[in-house]
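Beneath this line is the structure, given in structure tokens, with notes to follow.
Keep in mind it's a predicted model, so treat the numbers as computed, not measured. Order of appearance sets the numbers: ligands from 1, and atoms from 1 within every ligand.
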Amino acid sequence: MGNILDGKAIAEKVRAEVRADVTSFVAEHGRAPGLTVVLVGEDPASVVYTRNKEKSAKECGIAGTLLRLPADTPEAEVLALVAKLNGDDAVDGILVQLPLPRHVREAEVLRAIDPDKDVDGFHALNAGRLATGQPALVPCTPTGCMRLIAESGVELAGARAVVVGRSNIVGKPMAQLLLAKHATVTIAHSRTRDLPAVCREADVLVAAVGRAEMVRGDWVKPGAVVIDVGINRDTNGKLVGDVAFAEARERASWITPVPGGVGPMTIACLLANTVAAARARTAARRGLRERPGQRGLHGGARR
Ligand code: NDP
């Protein structure tokens with residue numbers, strides 16, 4: 001029976017590291033790193049997420065601010081706010097909560113964020129930096145998954161890794177991070193033929209699909225590390241992942257539960273990205289040419 005990768009406990013370790021890093025940043029620079037979260041509208045889940053982000057930032061000593069705009073705010077006003085935050089020296093990280101109301105184009109807003117303040121890592125420049133092995137601000141969920149994989153102690157160099165899901169925010173950056181650690185990576189998706197057979201090859205299996213308990217126990221190679229990103233409700237309304245946990249645990253060496261696995265890591269990694277962005281911006285001003293991510297959890301995709 002596989003061991004549980006306890007995301008709550010590991011996220012607490014990451015937060016402790018962030019608190020220590022914030023303390024030394026304040027001592028060095030006389031100010032706290034700043035994170036501004038922008039919420040447009042009243043989506044109930046987004047209201048909870050953004051409040052948590054602001055609160056968690058403050059708990060770590062980061063100057064967290066939540067700016068709320070009404071749902072009918074014109075796109076031009078959202079872009080104007082982003083431009084103002086880009087120019088505000090006290091703001092190191094900008095996060096615009098998704099989804100945005102329909103009349104506001106997500107791509108336009110993400111493109112407007114200063115890539116060096118893009119703590120969600122969704123800007124195309126950061127995706128490109130990651131893909132080309134340059135230090136980057138990397139999306140928080142895959143960053144958290146990498147930390148969980150590291151805690152399992154599995155050797156990634158030369159290992160077979162399978163990522164199920166190819167979204168820009170989870171699947172693709174996850175695959176890039178595994179590749180940067182020298183895994184042999186397969187990205188599977190809805191058109192993949194014989195998905196169970198593909199998954200059975202994986203020493204490290206990451207499921208980021210959004211389908212309740214799709215990955216069955218017999219898809220898991222004995223001894224594999226299984227990371228379950230999915231957050232779904234089953235037919236009884238219970239919170240479950242993309243992996244049939246009890247079955248998969250029989251074969252895995254390590255496995256993340258849902259809830260309490262990947263979920264808690266995401267905000268912890270957002271806080272780490274904020275401090276990394278603050279340090280990189282400060283260093284860049286000093287002419288050291290340091291880029292965001294160099295002091296982050298992974299140091300970008302450096303080889
Ligand atoms: P998307 O819907 O953007 O992507 C889902 C991916 O899964 C797509 O690439 C899709 O393939 C693939 N897929 C869908 N059905 C199948 C199938 N039957 N077989 C194989 N692949 C399939 O989702 P996200 O990446 O945004 O999120 C994935 C999951 O992770 C969701 O449950 C989400 O709630 C959760 N999540 C959790 C976070 C956390 O903090 N724990 C953070 C972010 C997401 P195709 O491209 O071919 O359509």
Rounded distance [0.5 Å steps], CZ in Arg166 versus OG in Ser190: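 It comes to 5.5 Å.
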Value rounded to 0.5 Å, distance of OG1 in Thr256 from CD1 in Ile227: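 Between Thr256 OG1 and Ile227 CD1, I get 5.0 Å after rounding to 0.5 Å.
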Min side-chain heavy-atom separation Val240-Val258 under 4.5 Å: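 When only atoms from C-beta onward are counted, Val258 and Val240 do not touch, as no gap falls below 4.5 Å.
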Over all atoms of both residues, closest heavy-atom pair of Cys140 and Asn273: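 In this case the closest contact between Cys140 and Asn273 is SG-ND2, 3.8 Å.
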Check: Asn236 side chain, Lys238 main-chain N or O, donor-acceptor pair, under 3.5 Å: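 No, Asn236 side chain to Lys238 backbone: no donor-acceptor pair under 3.5 Å.
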Cluster check Val162, Leu179: I/L/V/M/F/W/Y, side chain < 4.5 angstrom: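 They do not share one cluster, since no chain of ILVMFWY contacts under 4.5 Å joins Val162 to Leu179.
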Every residue of the protein that comes under 4.0 Å of ligand 1, judged on heavy atoms: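 Within the 4.0 Å shell of ligand 1, which is judged on heavy atoms, sit Thr141, Val164, Gly165, Arg166, Ser167, Ile169, Val170, His189, Ser190, Leu195, Ala208, Val209, Gly210, Arg211, Met214, Val229, Gly230, Ile231, Asn232, Val262, Gly263, Thr266.
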